[in-house]
Every structure is written in C-alpha cells, then in structure tokens.
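Each residue takes its place number in the sequence, starting with 1. Note that this is a predicted model, so its numbers are computed, not measured.
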Amino acid sequence: MAIFLALGLIIYIATVLDILQTTLSMQGGGWLTSRYSHLFWKLFLFVSGGNGKSKILSHAGYILLISIVLIWVFLLWISFVLILISQPGIIVNSSTQIPADLLEIIYYSGYTLSTLGMGDFIATGNGGRILTSFYSFTGLILLTMSVTYFIPVLSAVIEQRKLGIRLSILGSSPEKIILNFWDGKSFQSFISKVDELSKSIIKYSQQHRAYPVIHYFHNHKEKNAIILQLARLYEAYLILAFNLNDRVKPEPGDLRPLDIAFENYFEVLKEVTHINTSNETPAYSTLQKLEELSLIDKSKGNHALDTKSEDLRKIFLTLVQQDGWNWNQVDKKKS
C-alpha cells in the first residue's frame with residue numbers, strides 16, 4: 001500500500017507545481033503542460049497534412065487549452081484516489097459504516113475535489129478528515145485558478161491576431177515592405193514606425209512567455225498568420241540593415257529598437273517552446289525591384305548577413321514549417 005501513497009503524493013506534487021508554473025509564474029508552461037502541448041500540436045499538424053491553411057489547425061488552440069485543464073483535474077483526482085487506497089477503511093458509507101470499495105472511493109474523490117460535498121460517504125479519523133479538507137481546498141483554489149487562466153490567454157490570443165493583421169498591412173513580401181516605405185529619398189517613414197513595431201513585438205513576446213499556449217492558436221488565413229508576418233518583417237529588417245547602399249541605409253541606431261525586439265522574441269521562444277532548429281538556410285528574399293532602383297549594394301548582396309542573423313533566419317524557417325507553412329509564403333514572388 002505504501003507504493004500507492006508514494007505514487008499519489010508524487011502525482012499531486014507534480015500536478016500542483018505544473019499548475020502553479022503555468023498559471024502564475026509568467027515564465028512559460030510547466031514541465032508537463034509544455035511537453036503535452038508540443039505533442040498535441042504535432043498530432044494536429046499531422047492530421048492536417050502539414051497544411052497551414054487547414055481549418056483543423058484553427059481548432060487546436062482552444063481544444064488544447066480545455067484538455068490541459070481536464071488533465072489537471074484527472075491527475076489531481078487520481079492522486080487522491082491512490083492516497084485513499086493506500087489507507088484501507090479510511091472512507092466509509094455514512095449510513096452503514098461499511099468501508100468504501102474502489103468505485104466508491106473514485107466517486108468520493110471526485111465530489112470532494114469538486115467541493116460538492118454529497119455526504120453519502122465520509123472519512124474516518126482525523127487524518128482522513130484533514131486529507132479531505134485539504135483536497136477540497138485544492139479543488140477550490142487550483143481548479144478555479146485553472147479556469148480563470150482562460151481569460152488572459154484568450155485576451156493574448158486576440159492581441160496576437162491583431163498584431164498579425166497590423167503587420168500584414170506593411171507588405172506581402174520583405175521587398176514590398178521596403179518599397180512601401182521608400183519615398184524616393186529615404187526610409188524615414190519606416191524609421192518613424194520602428195518604435196511602435198518594436199513595442200508591439202516585445203509585448204507579444206512577453207505574452208508568449210506568460211501564456212505559451214497562444215503559440216498553438218493558429219490562424220489558417222495566410223495573409224494574417226502571425227509567424228509569416230514576423231518572418232517577413234525580420235527579412236525586411238535584415239535588408240535594411242545589411243543590403244542597402246550606404247547612401248540610403250538607415251543609421252544602425254534607427255533600427256536598434258527592432259533588433260532588440262527580435263532578440264527578445266527569439267530568447268522567449270527558446271525558453272517556452274520546443275524548437276529543433278533547421279540546418280537548412282532559407283532562401284534569400286527577392287530584391288529585383290530594389291536593384292532596379294539602385295538601392296542595393298550588389299557587391300554585398302544577401303551574403304552580407306552576419307552569423308547571428310543567419311542562425312536566426314534558420315529559427316524562423318523552423319517556426320514557419322512547424323506552423324504548417326513554407327518559406328515561399330514569407331517571400332511572395334508576386335506582390
């Protein structure tokens with residue numbers, strides 16, 4: 001019976017820690033939740049055929065969120081059952097005083113955790129009563145906390161969708177983004193937006209850190225998919241920072257906030273998600289129109305990128321593929 005007690009305590013402690021880390025730490029999901037979420041998404045991606053446009057993926061987020069809470073309930077429930085089983089006779093029928101069997105213990109554990117307090121079965125002895133009260137408080141506090149976790153998560157999902165739409169307005173390819181901000185003399189109109197864009201990306205990154213589950217709320221509409229928009233903006237940033245002629249290239253300080261915002265984004269992703277970075281280098285952006293305007297330093301081309309930037313592009317390629325898209329959708333040839 002000692003093994004049931006030990007197992008019940010381990011499950012209880014592991015579940016409570018997972019709930020607390022996921023809902024309160026603001027440092028990503030718990031060990032169980034983060035790994036389950038990753039496997040859950042891989043299953044949905046497989047069922048959808050790896051197609052980002054599949055509406056099946058649009059349902060993954062909220063189903064995942066509900067299933068996480070149900071898993072927490074099940075684990076707390078099973079931990080209580082195991083602890084009660086380890087103490088024969090601790091639960092009895094309130095009328096007959098006959099010890100409860102396994103099904104009755106499962107029933108008693110369920111209504112105790114849900115704080116219903118039916119009363120047809122009771123705990124014997126002070127230890128049983130204290131244990132029952134302890135699990136009642138656990139159900140009241142932790143499960144309430146789990147359900148209220150939905151509210152900020154869904155709020156963060158809405159912000160994620162809004163950011164995807166705002167970024168889609170910039171342009172349908174990295175080159176198009178740059179051309180949309182070229183006034184014939186400089187990219188001052190883009191520079192004026194750098195602070196706003198940086199703040200939006202940092203806010204999104206921190207929401208990602210606090211609620212990693214939003215990573216799995218997928219938008220099947222390609223034009224508003226957040227990961228495509230972020231990858232596209234990052235490619236545009238690299239062109240502005242590395243490929244333009246010196247006469248039109250923005251000053252490094254002008255783009256620095258955007259650089260910091262993306263560094264923060266990648267830092268958060270590495271902390272809260274499972275990324276097996278691709279060894280493949282994504283195709284470089286099409287710069288034909290920029291070359292026609294003599295804005296590109298042809299002696300450097302796309303190979304002017306530093307090692308860090310190349311590595312981060314590979315992370316973006318992985319993220320794009322994990323979301324069911326391909327790199328050609330980042331750099332639209334016809335825009």
Would you call Lys162 and Glu159 a salt bridge, using N to O less than 4.0 angstrom?
yes
Roughly how far, to the nearest 0.5 Å, is CG of Leu32 from OG1 of Thr22?
8.0 Å
Does the gap between the ring centers of Trp41 and His215 come in under 6.0 Å?
no
hydrophobic_cluster_shared for Ile122 and Tyr107, side chain cutoff 4.5 Å
no
Would you mind reporting whether Ser67 and Phe40 have side-chain heavy atoms less than 4.5 Å apart?
yes
Derivation of the side-chain contact (heavy atoms from CB on, under 4.5 Å) call for Leu142 and Trp72:
CA-CA 9 Å; Leu142 294 184; Trp72 287 338; over 6 Å; no
Between CD1 of Ile214 and CG of Leu65, what distance do you get to the nearest 0.5 Å?
11.5 Å
Should Glu235 and Arg313 count as an ion pair when the cut-off is N to O under 4.0 Å?
yes
Quick check, are the ring centers of Tyr108 and Tyr111 under 6.0 angstrom apart?
yes
Using the side-chain contact (heavy atoms from CB on, under 4.5 Å) rule, pick out the option among Leu293, Leu287, Leu290 that qualifies with Ile178.
Leu290
Distance check, rounded to the nearest 0.5 Å: Ile68 atom CD1 versus Ile19 atom CD1?
11.0 Å
Calculate, to the nearest 0.5 Å, the distance between atoms CD1 and CD1 belonging to Ile85 and Ile105 respectively.
5.5 Å
So how far is it from Lys55 NZ to His220 NE2, rounded to the nearest 0.5 Å?
5.0 Å
What distance separates Leu258 CG from Glu263 CD, expressed to the nearest 0.5 Å?
10.5 Å
Check: residues 4-17 side-chain donor-acceptor pairs under 3.5 Å, at least two apart:
from	atom 1	to	atom 2	distance (Å)
Tyr12	OH	Thr138	OG1	2.9
Thr15	OG1	Ile11	O	2.7

Please determine, by modelled atom types, if Tyr135 and Ser79 share a side-chain donor-acceptor pair under 3.5 angstrom.
yes
Quick one: does Trp325's side chain have a donor or acceptor within less than 3.5 Å of a partner on Leu228's backbone?
no
For Trp31, is there any backbone N or O sitting under 3.5 Å from a side-chain donor or acceptor partner on Arg35?
yes
Shared hydrophobic cluster, Val320 / Val268 (ILVMFWY, side-chain heavy atoms < 4.5 Å):
no
Side chain to side chain, Arg232 and Asp331, heavy atoms closer than 4.5 Å
no
With hydrophobic residues grouped by side-chain heavy-atom distances under 4.5 Å, do Phe74 and Leu102 end up in a single group?
yes
Side-chain heavy atoms of Asn245 within contact of Lys249, under 4.5 Å:
no
Please determine, by modelled atom types, if Asn264 and Gln206 share a side-chain donor-acceptor pair under 3.5 angstrom.
yes
Side chains of Phe44 and Val47 in contact at under 4.5 Å (non-hydrogen atoms)
no
Taking the six-membered ring where the residue is Trp, are the ring centres of Tyr211 and His208 under 6.0 Å apart?
no
Would one find more than 12 heavy atoms of other residues, nucleotides or ligands at under 6.0 Å from atom CG of Leu39?
yes
4.5 Å side-chain heavy-atom contact, Tyr36 and Ile71
yes
Lys/Arg-Asp/Glu bridge criterion (N-O < 4.0 Å) met for Lys308, Asp259
yes
Residue pair Ile91 / Pro99, side-chain heavy-atom distance below 4.5 Å
no
Among side-chain atoms of Ser94 and Asp120, is any donor-acceptor pair under 3.5 angstrom?
no
Indicate yes or no: does Lys289 engage Glu175 in a salt bridge with an N to O separation below 4.0 Å.
no
Does the ring center of Tyr234 lie less than 6.0 Å from the ring center of Phe316?
yes
Could you walk me through whether Arg161 and Asn219 pass the side-chain contact (heavy atoms from CB on, under 4.5 Å) test, one step at a time?
CA-CA 8 Å; Arg161 296 284 176 91; Asn219 192 331; 3.6 Å; yes
Donor-acceptor pairs are to be reported for all side-chain atoms of residues 185-193 against protein atoms at under 3.5 Å, with residues two or more places apart or in another chain.
from	atom 1	to	atom 2	distance (Å)
Ser186	OG	Gln188	N	3.4
Ser189	OG	Phe181	O	3.1
Ser192	OG	Ser189	O	2.6

Using side-chain heavy atoms (C-beta onward) and a distance below 4.5 Å, is Pro250 in contact with Leu244?
yes
Donor-acceptor pair, distance only, cut-off 3.5 Å: does the side chain of Asn180 make one with the backbone of Leu170?
yes
Going through the checks in order, is the side-chain contact (heavy atoms from CB on, under 4.5 Å) test met by Arg129 and Thr132?
CA-CA 5 Å; Arg129 296 188 185 100; Thr132 297; 5.7 Å; no
Is Lys53 paired with Glu222 through a side-chain N to carboxylate O contact shorter than 4.0 Å?
yes
Taking the six-membered ring for Trp, are Tyr237 and Phe242 ring centroids under 6.0 Å apart?
no
Contact between Val194 and Asp254 at the side-chain level, heavy atoms closer than 4.5 Å - yes or no?
no
Evaluation steps, side-chain contact (heavy atoms from CB on, under 4.5 Å), between Leu24 and Met145
CA-CA 9 Å; Leu24 294 180; Met145 186 187 303; 3.8 Å; yes
Verify the neighbour count for atom CZ of Phe137: are there more than 12 heavy atoms of other residues, nucleotides or ligands below 6.0 Å?
no
Would you check if the side chain of Gln160 reaches a backbone N or O of Phe217 as a donor-acceptor pair within less than 3.5 Å?
yes
